[in-house]
Structures are given as C-alpha cells and as structure tokens.
2 protein chains.
Amino acid sequence: MRQKEKVTIYDISKKLNISAATVSRALNNSNRVSLKTKELVLKTAKDLNYQQNTLALALKSGRTFNVGVVVPYINHTFFASVIRGIEEELEPKGYHVIICQSHENVENEAKQIKALLNTHIDGIFISVSKTTEDIKHIEAVRDEGVPLIFFDRKMDISGVSSVTINDYEGAFAATEHLIKQGYTKIAHIGGDPKLQIYKHRYDGYIAALKVNNIAIDESRILEVSSTVEAGIAAVQDLLNKKTEFDAIFSASDYVALGAMRELRSRDFKIPQDVGIVGFSNEPFTKYLERPLTTVGQTPVLMGQIAAQVFLEQIKEKNKSVQVEKRVVLMPELYERETSLKKGSTH
Amino acid sequence: MRQKEKVTIYDISKKLNISAATVSRALNNSNRVSLKTKELVLKTAKDLNYQQNTLALALKSGRTFNVGVVVPYINHTFFASVIRGIEEELEPKGYHVIICQSHENVENEAKQIKALLNTHIDGIFISVSKTTEDIKHIEAVRDEGVPLIFFDRKMDISGVSSVTINDYEGAFAATEHLIKQGYTKIAHIGGDPKLQIYKHRYDGYIAALKVNNIAIDESRILEVSSTVEAGIAAVQDLLNKKTEFDAIFSASDYVALGAMRELRSRDFKIPQDVGIVGFSNEPFTKYLERPLTTVGQTPVLMGQIAAQVFLEQIKEKNKSVQVEKRVVLMPELYERETSLKKGSTH
DNA sequence: TTGTATGCGTTATCAA
DNA sequence: TTGATAACGCATACAA
C-alpha cells in the first residue's frame, strides 16, 4: 500500500498558475484576495482533497491544538469521566487531548509534564498525585507561559486556575444527613490530609458535628488509604478498641464498601445498627444489594468547566495580565439505602 | 509571566562558533563529528537547557510520535484499561497517546479518524462503534499507509492487524461451567450480532450446548442492548412467555445484573433456582453482595499487546511487505457465587 | 571533520 | 489584488 502523496498549497498554486501565498490567503479567507480567485482556490482545494498540514502550521504558529491531561490513573472512573468532559468540550474546537498517567508518583508526574511541554501542547490539565509535594515541575509549566489548570486535586500556586468540588460542603452535607437520620456517634474514615480533598472532607465532618452540638471523639476518626481492604481493617480496628459508633462517614466509596462488608459479616444491620455514607458515587455504589449513600462529584461537568476555563485563558492571552480562576463545584448527596433508617424494611 | 525563549541549535552553534549542522550531528550522536566538539555541544546544550523541537522534527521526518486511540467511550472501565495498557507500553518509547471517543456513532468515528490522520499520528488503535458498517473511513487509514490496529471490536479488513479475545471460547467456557454445575435449561441474553464479539459469544454458547447434547431452545435466546434495564426487561419477557430456564448466560455484566435484580425481586434464589454468568468482569461484579461469575478480558494486557503489534509494524515498514497480525487472547472465567450451586449456603 | 545550502508546508512581510 | 521571499527548527546531501 503506497503512501498517498499529500497535496500542498503548492499543488493548488501550480494548477491555477498563481502563487502559494495567494492560495494561503484564499484558504484563510483573507479579504486581500479577489472573490474570484478565492472561489477558484476553494474549489480546486476540494477537488484535490487538500488537507492543511497541521505540523507546518504548528511550527509556524507555535500552537499545536493539543492539550495534555495528567491524572494518577486513567482507568479510574472519576478521572476517565473528567477526561471525557474535557474531550467533549475541546474536540469541537479542534483540539486533541493527550493523556498521561502519573501512577500516583511525583517523579512520573514531572516526567510526563516535561514530555508534554516538549511536545508543545497548548495547555495542561492536571490532578496531582498523592505524593506530590515538591512543585518545581508544576511551576515550570507556568513559567513557560503554558496555561495550566488543576482539577479536583489542586495545589495552591498563585497564577494557576483550578476547578474543584467543594469537598467541605459535601462532607458537611453527608454528616448532617446522618445526624438528621438520628445517628449521633458518627465515625469518620478519611484519607491522607496531605491531599487537600481529604483535609476538606475532614473539616466538613468536624463542622457538621459542631454545628449540631455533637462532641467530637478523636477515637472515632481514622485515616486510611482508599481500598476495600482498608475499610475492612478500619472497622476491625474500631471494634477491637471497643469504640462506640452508630454511623460511618467515609471519604472513599471503596473504604465504605469494605466497612459494610465487615459490619455485615459481624451481623450488624445496615442502616439500623450502623448508617454508612461514602464519597465519589463510584458506579458500583448504586448496584450494591443495599445501594450506598454517597457524595457525587459530577466529574464530566468538572472536565467541561476545566476546558472552558482553559479556553477563556488562551483568549485573554495578552500576556500582560495574569488570569487566575478558581471554580468550585457543589457536590450532590445521593441518599440511598445505607443511611435511610425509615425507608428500610429489614 | 513572559514566555521563556526557546533555545535552538542555532543558539548553541553561535555560542560555540560552529555551524548548526555540526550541532545537529553532535546531538544525534553522529560519528562524523569529532569527539571533542560532540562533548562540547552536549555540554552547552545542557547548560542552555536545550530541548529539541519535536514539531520541526516531525515536519521534517513525518513522524510525530503520537498515536491515536478511538474508542466508543473513554469512561467505560474496559476501554479505559485498554488505553492504559497501550499507554504503558508506548510511553517509555517516547510516544504520546491521543484519545478520541466515537460515542458509538460511525459519523463521529469517521470524523475522529480524519482529524487524527490530519494530525499526522504515527498509528491508530480502534475499537469500532456498534453502528459501524460502512468502512470507507477505516480503509482510508490503511490507504494512507498509517499503521492501524483493531482491538476487541474488529472488522475483517485485509491488511489490518487486530488484538481480540476469544469470545467464542469465553462463552463456551461460561456455558459449559453452568452445565457442569447441573444447569440444563440455559438461556442466553446476547447483544447485537452485527458486532463480531456478540456473534462469537452466541456461537460459543450454542457449541457448548451441542457438545454436551443439550437441545437448543430458540425461545431461551434473546438479543438486547447492554444495560441493566435491558436485563430486567429480558427476564420479564422470559417469565411472561412462560419460558423455562434454570440459568442465564449473559453477554454483558450489566444485563446479568438487571436479570439478577428482577429474579430476586420475584423471589428466585440465586444460584439455587437460577444460575447466572456475565461477561467482561466489570469492577462492580465482584463487589455485589452475591459476586457475579463472569468472563474476564484482560483489557490492560490487550492494550499492551496492541501496542507491541504496532511497534513491530512500524519496524517492518519496508512498505514492500504488508504485514497483518491477528492476536487472539484467551479470556478467563471468574467463578463466583452466582453460578456455584454447591458453595452456596442460602 | 566541518560548513553550506536546501527542504519539510505554512504564514507573514514587503514589494509590485 | 497578487507575488516573491523569509522564517519557524531541524536534518541531510553535498561540497570543502
């Protein structure tokens, strides 16, 4: 299969006996071309099946119409959905999305960013890895003048826009929902507070208790990684230490699932004996026999808005002004069986 | 934030008072440069923080080190995992992965491919949409001499490589597993046979019955779309028509889940009254109260192998030979509670 | 071993 | 309104 010859503006110019420059102008709808030649060029371009060489254009203009997205893992539903949102918003504008995984590893993250920068992407979207503390590689992006947008997991860097959800409010709503259902000894199984999202969820939990005049019991607060196994271990830990609790607000759906498993295997009734609320609205939560109450993060919307922020940013690229936009989305509580005492029949 | 000036080989050449050509040769480790100048160039390149402009290189060489992946939806676990496999294999070789969604729509698919071709990607990986029948846009890729690799959902086009799983064997194993568990009236809820994967799963089901001397009952065979709702409706349909069945082999985990829901709500016991096997090993299947037996497809591996096939393909690019490689992976049956009569306690 | 010149496909500047 | 030419950054054929 011989490679098809690419047709260039020179092919058109030769065929019409005009200069390539004129062809270029006609193709770009310049008003410094006669209508007649413009139509002629457009017609022959179509006849010859001319395709603009984006590479040459990129070399000349410096714009590639590619953007990079760096996430910890692509096959986590949440991140895949954000990417989908970005893609849906940017694709109609002619952009392509290049994806990279950091595997929750800073060095990888830095490497990916460096590679993206080298590919001359027009912007970078990133959700930082759990191990990211050193931010040199992120500042480098800003310093090169490449638009950078954080989503979900951000860092506080001046001049960098971000789209996050209000984890604090989500956690507050989740906790208050449990309180309203009559639970009073609410435990919190959270994640590493080095990530702002977990810190905020913790804060929201604390605030809801305070507002409702419920004493805070440190022994009911655990910090674990986001796995089913960690959820199982956390409940074992609570029970072993004879900590009293009648509900769990978990910062992760996976941990919540593990907790449910362990509680049921020990004959606790959910939601009668223990109410449970998770976080993220992972797809599996609604397919459980007893669907899990959880806080949804509208990831597709998050991606769409991140993309919109990016588009604004490149529009305002006067370079003299430095724009920074921080969008915070409101999460949504999905009230399902694991926390609804009244609605239950068991 | 002023854009940092990019340093080129000319900057290096000026600084060292040599020609850019020599710099280029030194950078490319040519043996037609003195060791001394080579070292000197390398050193100043590092000092000046020189980064090769991949755009210029691409324009010159025709290679961009970008590959495109077209899938129906990025946020489906299966596809996200395949992409992850591709990315893991190709990233160390300096490639970037550009993702596109067809949204199960041929026109979209054609548009995405055209856009990718225009971006001068070095190869395309694709899992075709359900509505793909016209294959002009796919033949166009081959005709342009761009390496094309099908994964999972392929079409029979000569000269195009593919990586799929053996859906036939997977279905055969699943059905035979049910037979060995003592089920005899096994229903099959399949998908649109226009997609080869569903056709093969149907064939495997039929073959397993035949091999085991079980008569085929057409009334036990349904064809639906891959949703929970379709699974619910399918079971209702079977029951309304008084079709006898003691097991279901579904070509989709979602359909299997819907079927389970409907059966349990009508007080059928699983697996005692009805055994169930799904397909895909979606993450939720193992988190169900009664974990679902299902056929796993090793999507990450599929992506890795697809990437390897691509790498082979570009290596052998003598253009005189036309290579076509068809890799078929063996699926794996995950035997869980919904089909194990003995192991159950209910 | 090194330098000069050219082309990859565009767009932009300057003349005509 | 159009054309000639330079430039984007790199690699390479050819000359020295």
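Numbers restart at 1 for each chain; the letters A, B, ... are given by sequence-line order, proteins then strands.
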S.K.: Counting only side-chain nitrogens and oxygens, does B:Ser24 get under 4.0 Å of the OP1 or OP2 atom of D:dA11?
M.R.: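 So the side chain of B:Ser24 is within the cut-off, an N or O lying under 4.0 Å from OP1 or OP2 of D:dA11.
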
S.K.: Answer yes or no: does a side-chain N or O of A:Thr8 lie under 4.0 Å from OP1 or OP2 of C:dG9?
M.R.: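 For C:dG9, OP1/OP2 do not have a side-chain N/O of A:Thr8 under 4.0 Å.
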
S.K.: Could you pick out which residue, B:Ala56 or B:Arg32, lies toward the 5' side of DNA chain D when each is mapped onto its nearest nucleotide?
M.R.: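 It is B:Ala56 whose nearest nucleotide is closer to the 5' end.
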
S.K.: Using 4.0 Å as the upper bound for N to carboxylate O, is an ion pair formed by A:Lys130 and A:Glu109?
M.R.: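 Salt bridge between A:Glu109 and A:Lys130, a charged N being under 4.0 Å from a carboxylate O: no.
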
S.K.: Is it true that A:Arg153 and A:Glu104 have a side-chain N and a carboxylate O under 4.0 angstrom from each other?
M.R.: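 Counted as a salt bridge, because a side-chain N and a carboxylate O are separated by less than 4.0 Å.
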
S.K.: Got a donor-acceptor pair under 3.5 Å from the side chain of B:Tyr10 to the base of D:dC8?
M.R.: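 In this structure, the two groups form no donor-acceptor pair.
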
S.K.: Take atom CG of B:Asn29 and atom P of D:dT12, then tell me their distance rounded to the nearest Å.
M.R.: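 Atom-to-atom, B:Asn29 to D:dT12, this comes out as 13 Å.
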
S.K.: Please determine if A:Arg84 and A:Glu88 form a salt bridge, counting it only when a charged side-chain N lies under 4.0 Å from a carboxylate O.
M.R.: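 Yes.
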
S.K.: Would you say the side chain of A:Val146 lies within less than 4.5 Å of the side chain of A:Ile121, judging by non-hydrogen atoms?
M.R.: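 They are in contact (side-chain heavy atoms under 4.5 Å apart), so the answer is yes.
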
S.K.: Checking all strands, does A:Leu55 fall into the base, sugar-phosphate, or nothing category for heavy-atom contacts under 4.0 angstrom?
M.R.: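 No contact at all - A:Leu55 keeps every heavy atom at 4.0 Å or more from the nucleic acid.
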
S.K.: From the options D:dG3, D:dA11, C:dT10, select the nucleotide whose nearest atom is closest to the side chain of A:Lys60.
M.R.: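 The closest nucleotide is C:dT10.
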
S.K.: Pick base, sugar-phosphate or nothing for B:Asn31, based on heavy-atom distances below 4.0 Å to the nucleic acid.
M.R.: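 Here B:Asn31 touches the backbone only, sparing every base.
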
S.K.: Provide, to the nearest angstrom, the distance between the CG atom belonging to B:Asn17 and the P atom belonging to C:dG3.
M.R.: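 Spelled out: CG on B:Asn17 to P on C:dG3 is 9 Å.
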
S.K.: Reading DNA chain C from 5' onward, which residue's closest nucleotide shows up sooner: A:Ile9 or A:Arg25?
M.R.: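 Counting from the 5' end, the first nearest nucleotide belongs to A:Ile9.
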
S.K.: Separation of A:Arg63 atom CZ from C:dT11 atom C1', in whole Å?
M.R.: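 Value for this atom pair: 14 Å.
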
S.K.: Show me the pairs that pass ring pair (Phe, Tyr, Trp, His ring centres under 6.0 Å) and involve residues 117-157 of chain A, at least two apart or across chains.
M.R.: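 Pairs touching residues 117-157 of chain A that pass the test: A:Phe125-A:Phe310.
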
S.K.: Within the pair B:Gln52 and D:dA11, is there a side-chain N or O less than 4.0 Å away from OP1 or OP2?
M.R.: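 Result: yes.
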
S.K.: On DNA chain D, does the nearest nucleotide to B:Asn53 precede the nearest nucleotide to B:Thr22 from the 5' side, or the other way round? Give the residue.
M.R.: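 Checking each residue's closest nucleotide, the 5'-ward one belongs to B:Asn53.
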
S.K.: Check DNA chain C against residues 35-48 of chain B and give the residues with a non-hydrogen atom under 4.0 Å, in numerical order.
M.R.: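 Of all residues in residues 35-48 of chain B, the ones placing a heavy atom under 4.0 Å from DNA chain C are B:Thr37.
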
S.K.: To the nearest Å, how far apart are A:Lys14 NZ and D:dG3 C1'?
M.R.: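 Distance check: A:Lys14 NZ to D:dG3 C1' gives 16 Å.
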
S.K.: In whole Å, what is the span from the CG atom of B:Asn28 to the P atom of C:dT2?
M.R.: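 Rounded to whole Å, this separation is 15 Å.
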
S.K.: Using whole Å, what does the distance between atom P of nucleotide C:dC8 and atom CG of B:Leu59 come to?
M.R.: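 Rounded to the whole Å, the gap is 9 Å.
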
S.K.: Is the A:His103 ring parallel, tilted or perpendicular to the A:Tyr73 ring (thresholds 30°, 60°)?
M.R.: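 A:His103 and A:Tyr73: perpendicular rings.
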
S.K.: Quickly work out the A:Leu57 CG to D:dG9 C1' distance and round it to whole Å.
M.R.: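 About 15 Å, once rounded to whole Å.
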
S.K.: Using modelled atom types and a 3.5 Å cut-off, is there a donor and acceptor pairing between side-chain atoms of A:Asp134 and backbone atoms of A:Lys136?
M.R.: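 Yes, the answer is positive, given that a donor and an acceptor are paired below the 3.5 Å cut-off.
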
S.K.: Taking the side chain as C-beta and beyond, is there a heavy-atom pair between A:Glu87 and B:Ile74 under 4.5 Å?
M.R.: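 A side-chain contact is absent here, since even the closest heavy-atom pair is not under 4.5 Å.
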
S.K.: Rounded to 10°, tell me the angle between the two end axes of the helix from C:dT1-D:dA16 to C:dA16-D:dT1, each built from five pairs.
M.R.: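 The end axes of the helix from C:dT1-D:dA16 to C:dA16-D:dT1 are about 50° apart, to the nearest 10°.
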
S.K.: Among D:dT2, C:dT1, C:dA5, which nucleotide has an atom closest to any side-chain atom of B:Ala21?
M.R.: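 From the listed options, C:dA5 comes nearest.
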
S.K.: Any ion pair linking B:Lys15 and B:Asp11 (charged N to carboxylate O, less than 4.0 Å)?
M.R.: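 No.
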
S.K.: Is the closest side-chain donor-acceptor distance between B:Gln101 and B:Asn75 under 3.5 Å?
M.R.: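 Checked: B:Gln101/B:Asn75 side chains show no N/O donor-acceptor pair below 3.5 Å.
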
S.K.: To the nearest angstrom, how far is B:Leu27 atom CG from D:dA11 atom C1'?
M.R.: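 Result: 11 Å.
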
